[in-house]
Amino acid sequence: MSDGYYSSKKTDDICEDVCGQQGPRAALNMSRLRCIFNGFDLKTSIFILVLIPTCVFGIYLHGQKISYFLRPLWESPPRPFHEIPHYYHENMSMESLCRLHGWGIRESPRRVYDAVLFSNEVDILTIRWNELYPYVTQFVLLESNSTFTGLPKPLIFSGNRDKFKFIEPRLTYGMLGGRFHRGENPFVEEAYQRVALDQLLRIAGIEEDDLLIMSDVDEIPSAHTINLLRWCDDIPPVLHLQLKNYLYSFEFFLDNKSWRASVHRYKSKTKYAHYRQTDILLSDGGWHCSFCFRRISEFIFKMKAYSHYDRVRFSHYLDPKRIQEVICKGADLFDMLPEEYTFKDIIGKLGPIPRSYSGVHLPAFLLNNADSYRYLLPGNCRRESG
């Protein structure tokens with residue numbers, strides 16, 4: 001029996017000589033590191049050296065996708081809307097329609113103001129204003145010489161104003177000089193422009209209990225929806241409109257989850273906004289046609305100009321050939337996963353959007369002028385290169 005303390009723990013005799021050494025700290029650290037790698041064979045060492053950079057590169061390329069796929073783990077879904085059924089038939093009287101919704105009928109319709117911030121959506125604005133023309137009292141449009149991201153922008157509406165002579169007597173137009181704060185959060189510039197739109201509405205003459213439509217240019221309320229709300233009494237002070245969600249054209253129907261468009265019975269405290277302002281949602285209120293442009297250059301402009309420009313993570317996303325291919329596939333311009341809150345919904349929307357061949361219940365002006373807007377209809381995904 002040997003003298004002294006006995007330990008039954010195994011010793012690593014590869015590194016045994018390092019443990020008791022005295023010397024510079026750096027030398028000892030290097031010795032210990034050598035000991036660790038001596039414990040691996042060559043194949044394992046090469047595998048680790050390849051795996052770590054590959055994982056880092058994969059996270060760099062697909063980190064956003066990983067984050068979106070895991071969204072159900074770190075973000076709860078918003079509270080559900082209280083959805084109001086929406087009834088309409090062209091052969092029904094307005095009194096019957098109002099009663100069917102549980103509302104009364106007015107002796108005369110409310111005045112309607114349609115207010116938008118304009119960037120570069122000339123065609124969609126034309127379709128929107130023709131759809132709403134019979135029922136809107138005043139069209140209010142604000143244009144800036146700056147994008148939300150602080151880039152200089154030509155006054156596109158001003159340059160195309162002659163195309164909108166049909167609404168000129170009812171148009172209140174405003175131009176806002178940009179602040180050009182490059183690198184600033186784009187939502188700050190967007191909020192700045194929306195405050196200016198509040199002032200422009202007052203110049204346009206809006207009064208208490210007038211109807212105010214708050215929505216982006218590409219969020220188009222249907223004419224019969226606005227007519228219903230201007231004639232019916234006791235409608236909610238604020239309600240959101242559920243819009244059919246389309247991408248690139250009316251060929252790619254995404255879902256019915258567009259809700260940001262809203263209609264307000266105007267009050268002096270009403271502020272123009274593009275976020276959730278009530279829990280009330282009127283079903284089937286129109287169309288949201290996102291990135292519905294005629295020319296590839298217009299896609300590129302919006303990708304660099306709008307509030308979510310950070311989604312352009314790589315320069316090749318702006319390649320015209322790639323953009324054209326993405327449009328015809330019905331894929332995502334930013335190579336993103338669906339923005340959903342459950343794994344079921346995320347997985348259900350993976351891949352390109354299925355094509356729709358229905359042209360039923362689209363804006364009347366679009367169908368009446370199909371030859372001019374063929375690119376927005378099913379079966380016409382090719383875009384002009386200019």
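Computed from heavy atoms alone, side chains included, the values below leave out hydrogens, waters and symmetry copies.
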Asks: Would you call L377 and L362 a side-chain contact if the rule is heavy atoms closer than 4.5 Å?
Replies: yes
Asks: Under 4.5 Å between any side-chain heavy atoms of D198 and K271, yes or no?
Replies: yes
Asks: Between K244 and F253, is NZ or CZ placed under 6.0 angstrom from the six-membered ring centre and within 45° of the ring axis?
Replies: no
Asks: Short question: side chain of E75, backbone of P72 - any donor-acceptor pair under 3.5 Å?
Replies: no
Asks: Quick one: do D209 and R106 make a salt bridge, cutoff under 4.0 Å?
Replies: yes
Asks: Are any side-chain N or O atoms of H101 and backbone N or O atoms of W103, one a donor and one an acceptor, separated by less than 3.5 Å?
Replies: no
Asks: State whether E189 and R194 are salt-bridged, where the test is any N-O pair (Lys NZ or Arg NE/NH1/NH2 against Asp/Glu carboxylate O) under 4.0 Å.
Replies: no
Asks: Determine whether a donor-acceptor pair (N or O, by modelled atom type, separation under 3.5 Å) exists between the side chain of N369 and the backbone of S372.
Replies: no
Asks: Looking only at the aromatic ring of each residue, does the gap between the centers of W259 and F81 stay below 6.0 angstrom?
Replies: yes
Asks: Does Y266 form a side-chain contact (heavy atoms from CB on, under 4.5 Å) with E207? I'd like the steps, not just the answer.
Replies: CA-CA 7 Å; Y266 186 81; E207 297 177 355; over 6 Å; no
Asks: Going only through I, L, V, M, F, W and Y residues with side-chain contacts under 4.5 Å, is there a path from L141 to I203?
Replies: no
Asks: Begin from the C-alpha positions of E298 and R383 and carry the test salt bridge (charged side-chain N to carboxylate O under 4.0 Å, His left out) through to its verdict.
Replies: CA-CA 10 Å; E298 294 172 318; R383 294 297 188 267; over 6 Å; no
Asks: Classify the side-chain pair D284/Y88 by whether it contains a donor and acceptor separated by less than 3.5 Å.
Replies: no
Asks: Which value, rounded to the nearest 0.5 Å, describes the distance between C98 atom SG and D233 atom CG?
Replies: 8.5 Å
Asks: Is there a side-chain contact between F187 and F148, using heavy atoms and a 4.5 Å cut-off?
Replies: no
Asks: Give a yes or no answer on whether the side chain of W231 reaches the backbone of E107 with a donor-acceptor pair at less than 3.5 Å.
Replies: no
Asks: So, does T270 use its side chain to make a donor-acceptor pair with the main chain of K267 at under 3.5 Å?
Replies: yes
Asks: State whether a side-chain donor-acceptor pair under 3.5 Å links R128 with S215.
Replies: yes
Asks: For D345 and T342, does a side-chain donor sit closer than 3.5 Å to a side-chain acceptor?
Replies: yes
Asks: Which residue in the set W129, F166, F157, Y113 passes ring pair (Phe, Tyr, Trp, His ring centres under 6.0 Å) when paired with F139?
Replies: W129
Asks: Going by atom types only, do S283 and H86 share a side-chain donor-acceptor pair under 3.5 Å?
Replies: no
Asks: Hydrogens and angles aside, do R311 and Y317 bring a side-chain donor and acceptor to less than 3.5 Å of each other?
Replies: no
Asks: Would you say the side-chain atoms of Q138 and T172 include a donor-acceptor pair closer than 3.5 Å?
Replies: yes
Asks: With a sphere of 6.0 Å drawn around NZ of K329, does it hold more than 12 non-hydrogen atoms of other residues, nucleotides or ligands?
Replies: no
Asks: Kindly compute the distance separating CG (N145) from OG (S158), expressed to the nearest 0.5 Å.
Replies: 11.0 Å
Asks: Assigning hydrophobic clusters by single linkage (Ile, Leu, Val, Met, Phe, Trp, Tyr; side-chain heavy-atom cutoff under 4.5 Å), is L254 placed with F250?
Replies: no
Asks: Flag the pair D371 and R374 as a salt bridge only when some basic side-chain nitrogen lies within less than 4.0 angstrom of an acidic carboxylate oxygen.
Replies: yes
Asks: Tell me if the NZ atom of K349 is crowded by more than 12 foreign heavy atoms within 6.0 Å.
Replies: yes
Asks: Does the pair D216 and L117 meet the rule for a side-chain contact (heavy atoms from CB on, under 4.5 Å), with working shown?
Replies: CA-CA 7 Å; D216 286 349; L117 293 177; 5.9 Å; no
Asks: Taking the side chain as every heavy atom from C-beta outward, state whether P320 and I300 have any pair of such atoms under 4.5 Å apart.
Replies: yes
Asks: Closer than 3.5 angstrom, by distance alone: can the side chain of E384 be matched with the main-chain N or O of I296 as a donor-acceptor pair?
Replies: no
Asks: Does some side-chain heavy atom of T137 sit less than 4.5 Å from a side-chain heavy atom of R110?
Replies: no
Asks: Does the side chain of D335 come within less than 4.5 Å of F314's, by heavy atoms?
Replies: no
Asks: Do we see a donor-acceptor contact under 3.5 Å between the side chains of S356 and S358?
Replies: no
Asks: Within the 3.5 Å criterion, strictly below it, is a donor on R71 or Y341 matched to an acceptor on the partner's side chain?
Replies: yes
Asks: Would R313 count as a cation-pi partner of F334, with NZ or CZ less than 6.0 Å from the six-membered ring centre and within 45° of the ring normal?
Replies: no
Asks: Is there a side-chain contact between H240 and S262 (heavy atoms, below 4.5 Å)?
Replies: yes
Asks: Taking the basic N atoms (NZ, or NE/NH1/NH2) and the acidic carboxylate oxygens, is any pair closer than 4.0 Å for E219 and R260?
Replies: no
Asks: Going by atom types only, do E143 and Y173 share a side-chain donor-acceptor pair under 3.5 Å?
Replies: yes
Asks: Between E131 and A223 (side chain of the first, backbone of the second, donor and acceptor by atom type, cut-off under 3.5 Å), is there such a pair?
Replies: yes
Asks: Rounded to the nearest 0.5 Å, what separates atom CG in L125 from atom CG in D218?
Replies: 11.0 Å
Asks: Take atom CZ in F69; do more than 12 heavy atoms of anything else shown fall under 6.0 Å from it?
Replies: no
Asks: Would a line drawn from the ring center of F293 to the ring center of Y248 be shorter than 6.0 Å?
Replies: no
Asks: Is it the case that the side chain of N368 and the backbone of A364 share a donor-acceptor pair, with hydrogens and angles ignored and the cut-off at 3.5 Å?
Replies: yes
Asks: Measuring centre to centre across the rings, with the benzene-like ring taken for any Trp, is Y246 within less than 6.0 Å of H288?
Replies: no
Asks: Rounded to the nearest 0.5 Å, what separates atom CG in L142 from atom CG in L197?
Replies: 5.5 Å
Asks: Closer than 4.0 angstrom, basic N to acidic O: yes or no for R179 and E184?
Replies: yes
Asks: With clusters defined by side-chain heavy atoms of hydrophobic residues (ILVMFWY) lying less than 4.5 Å apart, directly or transitively, does L281 cluster with L229?
Replies: no
Asks: Looking at L239, is its backbone amide N or carbonyl O close enough to the side chain of Q277 to form a donor-acceptor pair, meaning the two atoms are under 3.5 Å apart?
Replies: no
Asks: Which atom names give the shortest non-hydrogen contact between L200 and G174, and what distance separates them?
Replies: CD2-N, 3.7 Å
Asks: Does this structure show an ion pair linking R99 with E95, if we count only N-O contacts that are shorter than 4.0 Å?
Replies: yes
Asks: Under 3.5 Å, is there a donor-acceptor pair between the side chain of R265 and the main chain of D234?
Replies: no
Asks: Look up atom CG in N227 and atom OG in S222, then write down how far apart they are to the nearest 0.5 Å.
Replies: 10.0 Å
Asks: Measure across R170 and V136 and return the closest heavy-atom pair with its distance rounded to 0.1 Å.
Replies: NH1-O, 2.6 Å
Asks: Check whether any side-chain heavy atom of C328 lies under 4.5 Å from a side-chain heavy atom of R382, and answer yes or no.
Replies: yes
Asks: Measure the CG-CG distance between L212 and D210 for me, rounded to the nearest 0.5 Å.
Replies: 9.0 Å
